[in-house]
Amino acid sequence: MTDRIDQSYNPAHEAATAAAMARAAEAAAAAEAARQAAEALRAQLSGGAR
């Protein structure tokens, strides 16, 4: 396990990791927006059915 700590810094890996984290954050935000839109639609439909 100690040999993993001694690995050299890899800027390309750092950039790829940062890009992947940014894409994951965007996907999470889109999923939350979709959840909120579905919740609003569900509320609107249930209110219209009364």
Side-chain angles (χ1 to χ4, degrees):
M1 181 153 153
T2 51
D3 55 336
R4 287 188 157 274
I5 296 169
D6 296 333
Q7 288 180 344
S8 62
Y9 174 73
N10 184 343
H13 182 264
E14 290 291 319
T17 300
M21 290 176 68
R23 285 192 302 270
E26 289 174 3
E32 177 60 17
R35 185 196 66 76
Q36 289 178 4
E39 188 177 310
L41 180 60
R42 192 168 30 251
Q44 184 178 12
L45 292 175
S46 67
R50 291 182 186 174

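If you read the sequence from its start, that first residue is 1, and numbering goes on from there.
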Could you give the side-chain donor-acceptor pairs of residues 15-28 under 3.5 Å, partners two or more places apart or in another chain?
| residue | atom | partner | partner atom | Å |
| --- | --- | --- | --- | --- |
| Thr17 | OG1 | His13 | O | 2.8 |

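- In this structure Gln36 satisfies the side-chain contact (heavy atoms from CB on, under 4.5 Å) test together with Glu32, sequence neighbours excluded.
- With sequence neighbours left out, Glu14 forms a side chain to side chain donor-acceptor pair (under 3.5 Å) with no residue at all.
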